[in-house]
Number of protein chains: 2
Amino acid sequence: MNGKTTREQIIEAADRLFYQQGFEHTSFADISQAVNISRGNFYYHFKSKDEILDAVIKLRFLRTQTLLNTWEKHNQHPLERIRSFVNILIMNQNKIISYGCPVGTLCSELNKLNHSAEADANKLFDLFRQWLGQQFILLGHVDTADELALHVLAFSQGVATLANAFSDEIFVQREVNNMGKWLDSLTIETQHNHIFV
Amino acid sequence: MNGKTTREQIIEAADRLFYQQGFEHTSFADISQAVNISRGNFYYHFKSKDEILDAVIKLRFLRTQTLLNTWEKHNQHPLERIRSFVNILIMNQNKIISYGCPVGTLCSELNKLNHSAEADANKLFDLFRQWLGQQFILLGHVDTADELALHVLAFSQGVATLANAFSDEIFVQREVNNMGKWLDSLTIETQHNHIFV
DNA sequence: GACTCACTAGGACACATGTCCTATGATTGA
DNA sequence: TCAATCATAGGACATGTGTCCTAGTGAGTC
């Protein structure tokens, strides 16, 4: 129909619905309705609901990697790359206000469900963490790179959670500005370091 | 048995289980087992599961109010009150690492469930927001009180989310220290203002 | 002792859900 | 053209769940 295989359509619909409604609260009926296939046909493509979850996490993982690579290519300066990350909050503002952060809310839910896929979901956080850490290393903050990475990550999670609870765009913009200034102050301290990769 | 009415026991068990397992994932069987009563007996005390959720949110709301009042009594200085808030992350470290923030995760879940109680749950956030704002006003930050309150709230949410995902105590302690320094810098800027209530 | 009433136990009921099975149509390759 | 494989539809099945109903218990009261 639209060039995508049924399997791909299922994964993408599941990805969207898991984000909007949560994993547990999304039924096979929901997904099959979204893809317009029968519920029984489902098990030809996936042996279980958990298998779909795995596929969704894998998809998000690959998408994230692609995104990070894009930011690296489009921004010579590590600081600008970090700004790209922070700017997701603006770019995806509407979605975040409606449904929160896709990564944070998924990890949180799987944690409560005591689901075995929790570790895989946490790897999404790890991906950002490693990448941000790498940028801070390039900025010269070798010793504190991981701490700074976690700080930026925590910032984004906090803003996403409250943006969702309060549906407040202005708050998001203001916090992103704050974070921008904080990033500036980091570079000023080490502006002698101009070797980037 | 232990001086509590059955109704109270149900609410407290539900409060704990909703926190640990999530609202939807907690069944009547879970709660009745925790309280040691039959599942059927349940509907004598509550007409529906949603009614239990309402009672749990109400309980949390009252507990929070009590907590905030305690902090006000025990700390003359608004800055110390705010520090008390930030220190929940340390005080409840183990729970937060295991299950995240009770408020944040509940609001997030109810949002995904499109549950009518979401608004009530968000009032828990509002309670902290108003209270923190009040303290910042007392500190002299009249115009930016609400912004600062949201900033501190977002901070706590971000730290709780990552603490849960990474199970990292050191990260929590470090971020709390950072926030402490940030609070110091706020007072230094306005240390001429010494009128507190 | 009879009565009331708060409280409890146990099971029935309808419904949704994840899973599985079988039959049928579509596509492909020799 | 025909057989084999892919893909799909539809329904069966067991299970768990929220909800509801009815019978029973036990303490207190007249």
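These numbers come from a predicted model, not from an experiment. To find a chain, count down the sequence lines: A is the first, B the second, and so on, and within it residues start at 1. The figures here come from the full heavy-atom set of this structure, side chains too, leaving out hydrogens, waters and symmetry mates.
- Taking atom CZ on A/F42 and atom P on D/dA12, their separation rounds to 21 Å, with Å as the unit.
- One interatomic measurement links the two molecules: CZ of B/R7 to C1' of C/dT8, which rounds to 17 Å at whole-angstrom precision.
- Residue A/T6 places at least one side-chain N or O under 4.0 Å from the OP1 or OP2 atom of D/dT8.
- Look at A/H45 and you won't find any side-chain N or O under 4.0 angstrom from OP1 or OP2 of D/dC6.
- Taking the nucleotide of DNA chain D with the nearest heavy atom to each of B/K47 and B/H25, the more 5' of the two is matched to B/H25.
- Judged by atom type and distance alone, A/R39 reaches the base of C/dT19 through a side-chain donor-acceptor pair under 3.5 Å.
- Whole-Å rounding puts the A/F28 CZ to D/dA12 P distance at 19 Å.
- Atom CD1 in A/I10 sits about 11 Å away from atom C1' in D/dT8, given to the nearest Å.
- Taking the six-membered ring where the residue is Trp, A/W71 and A/W131 present tilted rings, their angle falling between 30° and 60°.
- B/D168 places a side-chain N or O within 3.5 Å of a backbone atom of B/I170 that can act as its donor or acceptor partner.
- For the pair B/N41 and C/dC7, the criterion of a side-chain N or O lying under 4.0 Å from OP1 or OP2 is not met.
- D/dT17 atom C1' lies 12 Å from atom CZ of B/F23, rounded to whole Å.
- When the nucleotides D/dT17, D/dA9, C/dT17 are ranked by their closest atom to the side chain of B/S27, D/dT17 comes out on top.
- As a whole-Å value, the separation of A/N36 CG from D/dA7 P is 18 Å.
- Listed nucleotides D/dG10, D/dT19, C/dG10 differ in distance to B/Y43; the shortest reach to its side chain belongs to D/dT19.
- For the OP1/OP2 pair of C/dG18 and a distance below 4.0 Å, the side-chain nitrogens and oxygens of A/S48 include no atom meeting the criterion.
- Of all nucleotides listed (D/dC6, C/dT8, D/dG10), D/dC6 comes nearest to the side chain of A/Y44.
- Regarding A/D50, its CG atom lies at a distance of 7 Å from the P atom of C/dT19, rounded to whole Å.
- When heavy atoms are screened at a 4.0 angstrom cut-off, A/T26 is found touching the sugar-phosphate backbone but no base atom.
- Separation of the A/F128 and A/F85 ring centroids falls under the 6.0 Å cut-off.
- Under the 4.0 Å criterion applied to side-chain N and carboxylate O atoms, A/R63 and A/D15 are assigned as salt-bridge partners.
- Using a 4.0 Å cut-off between a side-chain N of Lys or Arg and a carboxylate O of Asp or Glu, B/E109 and B/K112 do not qualify as a salt bridge.
- For the pair B/K49 NZ and D/dT17 P, the computed distance is 9 Å after rounding to whole Å.
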